[in-house]
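Along the sequence shown, residues carry numbers from 1. Atoms within a ligand are numbered from 1 in the order they appear, just like the ligands themselves. Side chains included, hydrogens not; waters and symmetry mates left out as well; all remaining heavy atoms used. What you see is a predicted model; the values in this text were computed from it and never measured.
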Amino acid sequence: MKDDQADHYRITTIEKHILDQQRQYPEATGILTSLLYDIALAGKVISSKTTRAGLAEILGRTEEVNIQGEIVQKLDQFADLTIYRLNDHTGRLAVLASEENELPLPIPEHYPIGKYVLLYDPLDGSSNIDFNIPIGTIFSIYRRLSESGPGTLEDCLQPGINLVAAGYIIYGSSTMLVYSTGDGVHGFTLDPSVGEFLLSHHDICIPHDPTYFSVNLGYRKYWSEGVKRYTDYLQGLDGKRKALSLRYVGSLVADFHRNLLAGGVFYYPADNKDPGKPAGKLRLLYEAAPLAFLAEQASGYASDGAHRILNIEPEALHQRTPLFIGNRDLVEKAEEFIHLYG
Ligand code: AHG
Ligand code: MN
Ligand code: MN
C-alpha cells in the first residue's frame, strides 16, 4: 500500500467516510451519518465490556427468558439497553425493535421523533460469550412508512429491499464495524488508543473463489434430502467441485464476517429437530435481512433456500427464516439442490 493511501486509511473515520459518500446525494441531511455514529458509539461501549467481560462481573445469565424463549445473558441485556439509551433521545428515530423485546420500543414521549427505524440484534452469538468466542451486534435501518407521530409495528415490518443501511459490529481479536448504505460494503477497525473506528477495509467484495462452508453439521440428520446433497457437494463428495473447509463458530456475525472476507457460504437450513417450530432458527428482520443486504452489496447473495431474503415481506417482528448466504453461485446451488430434491 503506497504511503498516501496508507495515510488515507489511517485517518478516515466513519464520519468522514459517510460524509464523502453522502456528497453524492445532495438531499442527504446528515441524519443517517449521525445515526451510524450513534451505533458506532454503542459498539465502543459494548466492546469495552466484552473485552473484559470476565472481570466486569458481566458474564453469565440473568434470571430472565426473552421473547425467543432463550435465557438472557447479562451481556445481551447490557448491549440491548446500551443501544436503546444511546438512540432513544436523538430525534433521529421513530421507533426501535430488538431481538430481546417482544414489541417495538417507542421513543419516550419527552424526546423528539425522527424519520428512521432501527432494528437490531444487540448481541449475536450469546451462547459463546462465556467462552471468549467472537460475538457481534447486527443492525438494520429503514425510513419510517407512517407519516408522523410515534413509529409503528408496520414501520418495522419492511422487506430488506427497503433497507437504507445495515451492518454489524464484531467483537473479536479487534472490534470492527462493517456497514453499507447501498454504496458498497466498508469495514472500520476500532483503534482503542484514540477511541475511533478507522477505515480498514474499503469496498469489500466476496472473493470469487470460496474457501469455507459454515453449517452446524451436528444437525445433519434433521435436514431435507436436498440440504444433505448440497452439503455433500460442498465437501466434494460427488466429485463435482473441490472440497471447501468447514468453519462454524456458532456466532452468525463471526461466520458471516469470515466468509465475507475469505469467500464461502454460511447456512442455517430448515430442520425437523422441533417439528412444532417454524422453519429456520435465524430471525429475518435483524439477522438474515441486514446481512443479506451486505452480502448483495459485496457481490454475494442470500436466500431462504427458495426465495431472495431481501424480497421476503415480514409478517411478524421475530419471524424466523432458513438462511443461505455468501458467494452467489454457492447460494444459488443450494436453491438448485433444494428445488431438485426437496
Ligand atoms: P443469538 O445469540 O442472537 O440468539 O444468535 C445465535 C444464532 C447465530 O448467531 C448462530 O449462527 C446460531 O444461533 C447458532 O445456532 P446453533 O447453536 O443452533 O448452531
Ligand atoms: Mn443473533
Ligand atoms: Mn442475540
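Residue, atom and distance of the protein heavy atom nearest to atom 5 (O) of ligand 1 are D124 OD1, 3.0 Å. Nearest protein heavy-atom contact of atom 17 (O) of ligand 1 is K281 NZ, 3.9 Å. Ranking protein heavy atoms by distance to atom 18 (O) of ligand 1, first place goes to Y268 OH, 2.6 Å. Scanning all protein heavy atoms for the shortest distance to atom 14 (C) of ligand 1 gives Y248 OH, 3.4 Å. Remark: minimum distance from atom 10 (C) of ligand 1 to any protein heavy atom is reached at G250 O, 3.4 Å. Here the heavy atom of the protein found nearest to atom 4 (O) of ligand 1 is R283 NH2, 3.1 Å.
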- Message: Using side chain to side chain donor-acceptor pair (under 3.5 Å), reason through N87 and T90 one step at a time and then give a plain yes or no.
- Response: CA-CA 6 Å; N87 285 282; T90 61; 5.0 Å; no
- Task: Given ring pair (Phe, Tyr, Trp, His ring centres under 6.0 Å), test F139 with Y120 step by step and report yes or no.
- Result: CA-CA 4 Å; F139 61 90; Y120 60 98; 9.4 Å; no
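Between D232 and R220, at least one side-chain nitrogen of the basic residue sits less than 4.0 Å from a carboxylate oxygen of the acidic one, meeting the salt-bridge criterion. Ion pairing between a basic and an acidic side chain is recognised when a charged N comes within 4.0 Å of a carboxylate O; K228 and E225 show no such pairing. Classification of D88 and R85 as a salt-bridged pair fails, no side-chain N sitting under 4.0 Å from a carboxylate O.
Remark: K240 NZ is loosely packed, at most 12 non-hydrogen atoms of other residues, nucleotides or ligands lying under 6.0 Å away. At most 12 non-hydrogen atoms from other residues, nucleotides or ligands lie less than 6.0 angstrom from NE2 of H307.
Listed by number with element, the atoms of ligand 1 under 4.0 angstrom from any heavy atom of E99 are 1 (P), 3 (O), 4 (O). Near Y219, meaning under 4.0 Å from any of its heavy atoms, are these atoms of ligand 1: 18 (O). For ligand 1, the atoms closer than 4.0 angstrom to any heavy atom of L123 are 2 (O), 3 (O). Taking a cut-off of under 4.0 Å to the non-hydrogen atoms of S126, the atoms of ligand 1 that pass are 2 (O). Interface atoms of ligand 1 facing E287, defined by a heavy-atom separation under 4.0 Å, are 3 (O), 5 (O).
Contacts between N216 and ligand 1, counted as non-hydrogen atom pairs separated by less than 4.0 Å, involve the side chain only. With a heavy-atom cut-off of 4.0 Å, Y286 does not touch ligand 1 at all. Looking at L282 against ligand 1, only its side chain comes within 4.0 Å, counting heavy atoms. For D121, every heavy-atom contact with ligand 1 shorter than 4.0 Å involves the side chain, none the backbone. If you look at K273 next to ligand 1, there are no close heavy atoms at all, none under 4.0 Å.
Between H202 and T12, the closest side-chain pair of non-hydrogen atoms is not below 4.5 Å. At a threshold of 4.5 Å between non-hydrogen side-chain atoms, the residues F197 and M176 do not count as touching.
Side chain to side chain, E336 and Y233 fail the donor-acceptor criterion of an N or O pair below 3.5 Å. A donor atom on one side chain and an acceptor atom on the other are not found under 3.5 Å apart for D304 and T321.
Geometrically, R247 does not engage Y212 in a cation-pi contact, judged by NZ or CZ lying under 6.0 Å from the ring centre and within 45° of the ring axis. Annotation: cation-pi pair R92/Y116 absent, no NZ/CZ under 6.0 Å from the ring centroid and within 45° of its normal.
Residue-ligand proximity: N128 is placed with every non-hydrogen atom at 4.0 Å or more from ligand 1.
Of all non-hydrogen atoms in A292 and I325, the two that sit nearest each other are N-CD1, 3.6 Å. Across all non-hydrogen atoms, the minimal contact from A289 to L310 is O-CD2, 3.6 Å.
Any N or O atom pair closer than 3.5 Å counts here, and G125 shares at least one such pair with ligand 1. When only interatomic distances are considered, the shortest N/O to N/O separation between S251 and ligand 1 does not fall below 3.5 Å. The shortest N or O to N or O distance between L252 and ligand 1 is below 3.5 Å. Polar contact check, S127 against ligand 1: no nitrogen or oxygen pair lies under 3.5 Å apart.
At a cut-off of 2.8 Å, measuring from the Mn ion (ligand 2), the protein N, O or S atoms that fall short of it are D121 OD2, D124 OD1, E287 OE2, waters left aside.
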Residues 96-112, side-chain donor-acceptor partners within the protein, below 3.5 Å, at least two apart:
unit_1	atom_1	unit_2	atom_2	d
S98	OG	D80	OD1	2.7
S98	OG	E100	N	2.9
S98	OG	N101	ND2	3.3
E99	OE2	R283	NH1	3.4
E99	OE2	R283	NH2	2.8
E100	OE1	N66	ND2	3.0
N101	ND2	D80	OD2	2.8

